[in-house]
Asker: 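The structure that follows is given in the form of structure tokens.
Start at 1 and go down the list; that is how both ligands and their atoms are numbered. Every value quoted in this text rests on a predicted model; they were computed, and no experiment measured them.
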Amino acid sequence: MSKPKILITRPDIPVAGLNLLRKRYHLIIWDKPEPIPHAELLAKIHGVDAVFCVLTDKIDNEVLDHAGPQLKVVASMSVGLDHIDISSLQSRNIKIGYTPNVLTESTAELIIALLLAVSRHVLHANLAIYKGEWTSWSPLWMCGTGLTGKVVGIVGLGRIGFRVAEILKSFNVAKILYFNRTAKEEASKFDGEKVDFPMLLQNSDFVIVTVALTPQTRYMFNSWAFNQMKKTAIFVNGSRGDVVDQQALIDALKNNTIAAAGVDVTTPEPLPTNHELLLLDNCVVLPHIGSATIETRSEMACITAKNIIAVLEENPEGMPAEYAKVNS
Ligand SMILES: O=CC(=O)O
């Protein structure tokens, strides 16, 4: 009997994950470092039993039609699933794999790093040295704003938002507000207070976005939202670019409607190097590296491989619990 076929949409998947699949299956690996072009995806997905994809691969009805009825599982090496048309997969009984939990720590760490980079001018201060602007220690040079005694607002108290809040508690912030669909009992761990969206925007010194991108959250940070925020507020986005109306963010930063922003996610990704957002002094932009630690990415690859194996071997016990939740 011929081996089941798996399409893998990147050549540089951590080897620990690939090794789990190599012996048992026939792997069709996209061999260029850039995302697989749509036409290639349509051609290569034909006849495969499983897809190992990443967040740059849009998996929709058209792609599934090209795959054919033998496709059993699409496993993404990501926690976000906004690139996958979940209901189309569910209606075809194709299982969906993703990688929650494993990236919570690394993403929370990066969000804190980004917040501090913005609030303490870390990147500008470093650049200033090379530009010859460090003439002496100076009382007010490169002064930023501290976290101690401040109000932090977290939008979306999922796993990552929760961890960010836990870490920030140890920075002696005055209060942590959160906006979430449901109240979270566990928020008592950091004395979190559930508030409505306007209240969070109006009262927070730092607004941190960790919400999933859904039709409800798309563009929730628009000009109205930035206008609600304090003039001194710092905005940090570790979620998806599309939760923000990016032009409204640029306007808010240019007009000093808010003080500064740090974003690990943008629209589009990558941003063109002459993009307006990159020209602003009060914005730190990172290239979507929330989960980018060797340990996390390696584990994400293994979980993605295991999600595929669980489906192809018809072994539901092998599925991580969170995987089962998406598929129920
Ligand atoms: O953004 C990263 C992910 O969804 O894993």
Asker: List, pair by pair, the atoms of ligand 1 and of the protein that are both N or O and lie under 3.5 Å apart, giving the separation rounded to 0.1 Å.
Answerer:
{"residue": "ligand 1", "atom": "1 (O)", "partner": "Arg240", "partner atom": "NH1", "Å": "2.7"}
{"residue": "ligand 1", "atom": "1 (O)", "partner": "His288", "partner atom": "NE2", "Å": "2.7"}
{"residue": "ligand 1", "atom": "4 (O)", "partner": "Val79", "partner atom": "N", "Å": "3.2"}
{"residue": "ligand 1", "atom": "4 (O)", "partner": "Gly80", "partner atom": "N", "Å": "2.7"}
{"residue": "ligand 1", "atom": "4 (O)", "partner": "Arg240", "partner atom": "NH2", "Å": "2.7"}
{"residue": "ligand 1", "atom": "5 (O)", "partner": "Val79", "partner atom": "N", "Å": "2.8"}

Asker: Run the ring-centre check on Phe206 versus Phe171 and record whether the distance is less than 6.0 Å.
Answerer: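 That pair fails the under 6.0 Å test.
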Asker: For Asn61, what residues pass the side-chain hydrogen bond (donor to acceptor under 3.5 Å, both in side chains) criterion, not counting sequence neighbours?
Answerer: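 Only Ser88, Arg92 meet the side-chain hydrogen bond (donor to acceptor under 3.5 Å, both in side chains) criterion with Asn61.
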Asker: Can you find a pair of side-chain heavy atoms, one from Asn227 and one from Thr257, that are under 4.5 Å apart?
Answerer: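 Sidechains of Thr257 and Asn227: in contact.
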Asker: For Thr296, which residues count as a side-chain hydrogen bond (donor to acceptor under 3.5 Å, both in side chains) partner, sequence neighbours excluded?
Answerer: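 Listed in chain order: Ser106, Thr293.
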Asker: Taking the side chain as every heavy atom from C-beta outward, state whether Cys283 and Leu253 have any pair of such atoms under 4.5 Å apart.
Answerer: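 Cys283 vs Leu253: side chains touch.
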Asker: Tell me, please, which residues at least two apart from Glu40 pass side-chain contact (heavy atoms from CB on, under 4.5 Å).
Answerer: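 Listed in chain order: Trp30, Ile36, Pro37, Lys44.
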